[in-house]
Amino acid sequence: MTISLATGLLAFVFLYEESKCFSAPTEGVELETNKETRTTECSQKSHDTKKNPEIESHKQPAEMTTLDKLPPLYDVDIDESIPSTSYKQRLLQFTVSRGSISQLLLHTSQPFHVMLCIPGILYMAIIYGMSWAVMTIIGTNMATFMPAPPYNFSASGVGLMTLPVFVGTGIGVEIVGPTSDRLILYLAKRKNGIYEPEMRLWLLVAFIPLVPTGLMVAGCGFQYSLPWPIVAVGFGAASLGITPAISVSLTYVIDAYTEANPGRCYDGHYIRSQYSLNGDTFFLLPWINRMGLLNVHIVVSVISTVIFMITFTFIYYGKRIRTATATRYRWFSSRQFSDRI
């Protein structure tokens, strides 16, 4: 673990380049020759169609075949005359953005305004935070109760107990990406090619039962001193159910509220920090001592299930909610802080 952390630190310091864009956006200008050619072609086509209306229907297959012969979109010419930045410039630790202090303060506080005014962002931030809170509960209980009797795990044994979490998360990652894309393609085809962000939420619903089931299995294992493989299965099942929730919630917000950049991810990280740091780290063990380990797992399972079940509201009424808050969304989008220089 120490070697991995040291290797990651060195890679971060010497290989993680500055991600801020320094180039100003350029506006495309249409060539006059293209305009004239297109105008001539359109007028000629209109004249031929008026003379013989059947020409249009006969030309469609030929036009479709010419589309297949077009060059791929990624065939672009790179301007070699533009100088590239040096290695030192790409590893800058600090960069200066143009703007006033008031713009910076607005940029800092706007995510909270966006979260409170747009229900979709608020709910997905709650799902994101709740998901990470469950992962924190798993990690805290693992580190607290696995070294104690009757398990008496060593430090390396506790570390190996994270393998079920790794396996569950890995399976979830492999499932979520391809399945989510295939699902939205299937649902969009059923809706005459129209894609809506709410279509992705069906994948989140499919994994909802795994979270409370995994928590209950792990809680019963701790409470009744069951063999450690049962606890490991509970950890893995809960991790498998949490992974789609984290992925789908962020993807939904990005798809549904593309221009609300400050409020999309900051809110989820803020709620996650409040759940994980303040709720789990400082209050979890006193809560367990007062209420009992199994009862805590039951309460967390019920709370997480209720929160996840609200997803059905956004599946069926998410489009109406987005329509009702469209004015506020546009207003927040127009007041974003632009740090491109």
Side-chain angles (χ1 to χ4, degrees), residues 115-138 165 168-169 171-173 175-177 179-180 183-184 186-187 190-191 196-220 233-257 263-265 267-272 274-276 279-280 284 287 291 294-325:
M115 180 176 63
L116 296 176
C117 295
I118 301 180
I121 293 180
L122 174 61
Y123 176 63
M124 293 306 154
I126 293 175
I127 283 187
Y128 184 79
M130 184 66 198
S131 301
W132 279 108
V134 172
M135 297 297 289
T136 305
I137 290 175
I138 291 175
V165 179
T169 304
I171 295 175
V173 169
I175 293 176
V176 170
T179 307
S180 177
L183 176 64
I184 62 173
Y186 171 74
L187 295 177
R190 292 184 59 185
K191 207 165 184 179
E196 294 178 356
E198 287 77 20
M199 294 176 179
R200 291 189 184 272
L201 299 180
W202 284 108
L203 185 64
L204 190 152
V205 172
F207 285 84
I208 285 178
L210 290 175
V211 179
T213 301
L215 288 174
M216 291 297 298
V217 170
C220 290
V233 170
F235 287 161
S239 303
L240 176 58
I242 286 299
T243 304
I246 295 174
S247 176
V248 172
S249 61
L250 291 179
T251 307
Y252 172 77
V253 174
I254 293 174
D255 288 350
Y257 304 99
R264 292 190 300 182
C265 300
D267 301 326
H269 292 304
Y270 173 77
I271 293 182
R272 179 201 68 179
Q274 296 303 312
Y275 281 166
S276 304
D280 293 346
L284 180 60
W287 186 17
M291 195 173 183
L294 179 59
N295 291 331
V296 169
H297 279 76
I298 292 174
V299 172
V300 175
S301 300
V302 172
I303 293 175
S304 62
T305 302
V306 171
I307 291 177
F308 289 143
M309 292 298 288
I310 301 176
T311 305
F312 285 104
T313 303
F314 284 88
I315 290 176
Y316 291 106
Y317 302 104
K319 185 176 180 179
R320 298 182 184 178
I321 295 173
R322 287 189 288 115
T323 303
T325 57

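Both backbone and side-chain heavy atoms feed into the values below; hydrogens, waters and symmetry mates do not. Sequential numbering from 1 along the given sequence is applied to the chain's residues.
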* Aromatic plane relationship, Tyr128 with Trp132 - under 30° parallel, 30 to 60° tilted, over 60° perpendicular -> perpendicular
* Taking it one step at a time, do Ile242 and Thr169 satisfy side-chain contact (heavy atoms from CB on, under 4.5 Å)? -> CA-CA 8 Å; Ile242 286 299; Thr169 304; over 6 Å; no
* Leu215 vs Ile298 side-chain heavy atoms within contact, under 4.5 Å -> no
* Reported CG-to-CH2 distance for the pair Asn295 and Trp287, which is rounded to 0.5 angstrom -> 10.0 Å
* To do: Evaluate the side-chain proximity of Val211 to Met130: yes if any heavy-atom separation is below 4.5 Å, no if none is.
  => no
* To do: Would you give the length of the straight line joining atom CZ of Phe314 to atom CG of Leu201, rounded to the nearest 0.5 angstrom?
  => 8.5 Å
* To do: Determine whether Ile175 and Pro244 make a side-chain contact, defined as any pair of heavy atoms from C-beta on separated by less than 4.5 Å.
  => no
* To do: Please examine the side chains of Met124 and Ile118, heavy atoms only from C-beta on, and report whether any two atoms are closer than 4.5 Å.
  => no
* Mind listing the closest non-hydrogen atom pair of Pro119 and Thr325 along with its distance? => CD-CG2, 3.7 Å
* Beyond-backbone contact of Thr313 with Ile310, side-chain heavy atoms, under 4.5 angstrom -> yes
* Under 3.5 Å, is there a donor-acceptor pair between the Tyr123 and Thr311 side chains? -> yes
* Sequence-distant partners of Glu196, salt bridge (Lys or Arg N to Asp or Glu O under 4.0 Å), two or more places apart -> Lys191, Lys319
* To do: Please say which of Ile127, Leu203, Thr243, Val253 ends up in a side-chain contact (heavy atoms from CB on, under 4.5 Å) with Val248.
  => Leu203
* Rounded to the nearest 0.5 Å, what separation is found between the CG atom of Leu204 and the OG atom of Ser131? -> 7.5 Å
* To do: Could you walk me through whether Met309 and Val205 pass the side-chain contact (heavy atoms from CB on, under 4.5 Å) test, one step at a time?
  => CA-CA 8 Å; Met309 292 298 288; Val205 172; over 6 Å; no
* Which value, rounded to the nearest 0.5 Å, describes the distance between Thr251 atom OG1 and Ile254 atom CD1? -> 6.0 Å
* Smallest separation among heavy atoms of Tyr252 and Pro197, with atom names -> CD1-O, 3.4 Å
* Do you know the tightest heavy-atom contact between Ala245 and Ser249? -> O-OG, 2.8 Å
* Heavy-atom closest contact (Ala238 atom, Ile138 atom, distance) -> CB-CD1, 3.8 Å
* To do: Identify the heavy atoms of Pro212 and Thr305 that sit nearest to each other, and give their distance.
  => CG-OG1, 3.4 Å
* Any donor-acceptor pair under 3.5 Å from Ser304 side chain to Ser301 backbone -> yes
* Structure fact -> Separation between CE (Met115) and CG (Leu122), nearest 0.5 Å, reads 6.0 Å
* From Phe207 atom CZ to Leu240 atom CG, the distance as rounded to the nearest 0.5 Å -> 5.5 Å
* For Met291 and Val299, run side-chain contact (heavy atoms from CB on, under 4.5 Å): C-alpha distance rounded to whole Å, both residues' side-chain angles, the deciding distance at 0.1 Å, then the answer. => CA-CA 10 Å; Met291 195 173 183; Val299 172; 3.4 Å; yes
* Grab the two heavy atoms, one from Leu294 and one from Gly219, that are nearest each other, plus how far apart they are. => CD1-C, 3.8 Å
* To do: Provide the full list of salt bridge (Lys or Arg N to Asp or Glu O under 4.0 Å) pairs with a residue in residues 198-216, sequence neighbours left out, each pair given once.
  => Asp181-Arg200, Glu198-Arg322, Arg200-Asp255
